[in-house]
Amino acid sequence: MQNFNYYNPVRILFGKGKVEELKNYIPQDANILLTYGGGSIKRNGIYEAVVESLKGHRFLEFGGIEANPKYETLMQAVKIVKEQNIDFILAVGGGSVLDGTKFIAAAALFEGDDPWDILAKAAPIKAAVPFGAVLTLAATGSEMNGNFVVSKSATQEKLAAGSEKVYPKFSVLDPEYTFSLPQRQVANGIIDSYVHTMEQYLTYPMGTEVQDALAEGILRILIQEGPKAIESEKPCYENRSTLMWAATNALNGLLSCGVVSDWSSHQIGHELTALHGLDHAVSLAVVLPGVLEFTKGMRSEKLLQYAQNVWNISEGDDAEKCMSAIAKTEQFFQQLGVKTRLSDYGIMEDTIDLIVKRFTDRGYPGIGYSGDIKVHDVATILKSRI
Ligand code: NZQ
Ligand code: ZN
């Protein structure tokens, strides 16, 4: 196991009706900005519940943060934070609203010329406006991490950054808040959680028994509970609470302690979203099988462990077990109703060339962090996904 530092200060308020408690964690005299997305919270009752809980607090609103939040939109909120002396932000929504809010919180106190540098040039975040979250979509883990991903319309870029300064002060996780999600977003959440776990688990054996057991447990639970959520006519509280807590645990930093992580599927997937608007999880469902196939020789030990411990595959020789695990992974995404080929989304070779060029122009030494995927390999991976 590699050495590691683990720090996670996020207070989790989990369960039915927990929104009532958020007022206990926001200073009484705070000047609050409530941030949200395209309006789902105004249709499903979450907005009313949050406003009720904020009784006695002063707050302004900023709505319209889109899926894959845009820098251009977020900068409008930054202006409000500065002009109105906002000193606490409450994000109510899915990963996009939470990520967008992290950027707003950091950009409002950014000392450089252009806060986009936080994403494009890894400019350090020295301070951020404190914020809390009410999560409405279980997927990204943003509710319990310091990461955020922001897109820029002007350049069709989608870039990630992270800082300890943008951990939420608290996150309300009420599984009932996910009942109003369309099935497409439920499936997206399951796939995103699954791929987060795989990005941290499926590289090389490192003597990380605890992390491996946690990762394999999360994967098995997603395989068991995911299809139930998609197939059942009515949302079930136990099923949604399991999926919600699985998503949080998939990306709250615990799984990556002491391991070599990958993140290549995410890096490549972000380009597909930036260029073609694919939902984040859809981009992962397309790319991950290609990454597993491309790295199956280099990562054979962990892939075999995955085949045996997650999919219970016992038939065939080791190579056949690995191939079967890759096939089952792709079938699982399809079972959730997501198409897994680039051609399903009208994406062809010209996009592949453009993605490789973008990575080359950015001077990336390789893709992901595990050192076994070079920039030119991205073409091989993506061509196998047409
Ligand atoms: O905008 P509204 O109207 O709220 O509608 C949203 C949106 O259209 C809707 N929705 C959310 N909660 C709902 C609901 N509809 C009905 N009922 C509810 N309870 O769902 C749509 C998608 O929402 P979004 O927030 O975009 O989805 P998700 O949570 O999957 O977030 C995706 C974003 O997170 C980033 C992705 O790249 C993408 O930009 N990620 C963030 C990460 C992190 N912070 O650690 C890691 C991830 O890998 C990911 O990259
Ligand atoms: Zn993701």
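Reckoned from all heavy atoms, side chains included, excluding hydrogens, waters and symmetry mates. Whatever order the structure lists them in is the order used to number ligands and atoms, beginning at 1.
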Open item on the list: Is H270 close enough to touch ligand 1? Criterion: a residue heavy atom under 4.0 Å from a ligand atom.
Closed with: yes

TODO: With heavy atoms under 4.0 Å as the rule, classify the contact between F179 and ligand 1 as side chain, backbone, both or neither.
DONE: neither

Task: Shortest protein contact, atom 12 (N) of ligand 1 (heavy atom only) - done: T136 OG1, 2.8 Å

Open item on the list: Please work out, at 4.0 Å between heavy atoms, whether the side chain, the backbone, both, or neither of S151 comes within that distance of ligand 1.
Closed with: neither

Task: Where A67 and S96 come nearest, the two heavy atoms and their spacing - done: CA-OG, 3.4 Å

Task: Proximal atoms of ligand 1 relative to S180 (non-hydrogen, under 4.0 Å) - done: 16 (C), 17 (N), 18 (C), 19 (N)

Task: Aromatic plane relationship, W245 with F14 - under 30° parallel, 30 to 60° tilted, over 60° perpendicular - done: perpendicular

- [ ] Could you check K42 against E61 for salt bridge (Lys or Arg N to Asp or Glu O under 4.0 Å), going step by step and ending with a plain yes or no?
- [x] CA-CA 12 Å; K42 295 212 165 165; E61 289 181 22; 3.2 Å; yes

Open item on the list: Taking the six-membered ring of F131 as reference, does the cationic atom of K102 (NZ for Lys, CZ for Arg) lie under 6.0 Å from its centre and within 45° of its axis?
Closed with: no

Open item on the list: Tell me whether R11 at atom CZ has more than 12 heavy atoms from other residues, nucleotides or ligands lying less than 6.0 Å away.
Closed with: no

TODO: Pick one of side chain, backbone, both or neither for how L251 approaches ligand 1, counting any non-hydrogen atom pair under 4.0 Å.
DONE: side chain

TODO: Return the orientation label for the W311 and Y306 ring planes: parallel under 30°, perpendicular over 60°, tilted otherwise.
DONE: perpendicular

Open item on the list: Can you classify the ring geometry of Y7 versus Y167 as parallel (below 30°), tilted (30 to 60°) or perpendicular (above 60°)?
Closed with: perpendicular

Open item on the list: Take a 6.0 Å sphere around CD of E315 and say whether it holds more than 12 heavy atoms from other residues, nucleotides or ligands.
Closed with: no

Task: Closest to atom 13 (C) of ligand 1 (judged by heavy-atom distance), picking from L137, I46, L181 - done: L181

Open item on the list: Can you confirm whether more than 12 heavy atoms, excluding those of K228, are under 6.0 Å from its NZ atom?
Closed with: yes

TODO: Would you mind running through ligand 1 and noting each atom that sits below 4.0 Å from a heavy atom of S142?
DONE: 44 (N)

Task: ligand 1 N/O within reach of G37 N/O, cut-off under 3.5 Å - done: no

Open item on the list: Over 60° means perpendicular and under 30° means parallel, so tell me whether W263 and H196 are parallel, tilted or perpendicular.
Closed with: tilted

Open item on the list: How about NZ on K165, more than 12 heavy atoms from neighbouring residues, nucleotides or ligands closer than 6.0 Å, or not?
Closed with: no

TODO: Determine which of the N, O or S atoms in D192 is closest to the Zn ion (ligand 2) and give its atom name.
DONE: OD1

TODO: Taking atom OH of Y369 as the centre, report whether more than 12 heavy atoms of other residues, nucleotides or ligands fall under 6.0 Å from it.
DONE: no

- [ ] Would you verify that at least one protein heavy atom lies under 4.0 Å from atom 2 (P) of ligand 1, or report that none does?
- [x] yes

TODO: Taking atom types as modelled, find out whether E293 and S384 have a side-chain donor-acceptor pair closer than 3.5 angstrom.
DONE: no

TODO: Give the contacting part of H266 toward ligand 1: side chain, backbone, both or neither, where contact means a heavy-atom distance below 4.0 Å.
DONE: side chain

Task: Any N/O pair G141/ligand 1 closer than 3.5 Å - done: no

Open item on the list: Can you name the atoms of ligand 1, numbered from 1 with element, that are less than 4.0 Å from a heavy atom of K158?
Closed with: 36 (C), 37 (O), 38 (C), 39 (O)

Task: Min N/O separation N145 to ligand 1 under 3.5 Å - done: yes

Open item on the list: Geometry only, no angles: is A67 polar-contacting ligand 1 at N/O separations under 3.5 Å?
Closed with: no

- [ ] Go through ligand 1 atom by atom and flag the ones less than 4.0 Å from a non-hydrogen atom of P69.
- [x] 39 (O)

Task: Sub-3.5 Å N/O-N/O distance, T178 and ligand 1 - done: no

Task: Of the listed options G162, S96, G146, closest to atom 31 (O) of ligand 1 (non-hydrogen atoms) - done: S96

Task: Residue H196 vicinity, atoms of ligand 1 by number, heavy atom under 4.0 Å - done: 46 (C), 47 (C), 48 (O)

TODO: Could you grab the angle centred on the Zn ion (ligand 2), going from NE2 in H266 to NE2 in H196, to 10°?
DONE: 90°

Open item on the list: If we only consider heavy atoms of A281, is any one of them less than 4.0 Å away from an atom in ligand 1?
Closed with: no

Task: Shortest reach to atom 44 (N) of ligand 1 by a heavy atom, considering only L98, N44, D99 - done: D99

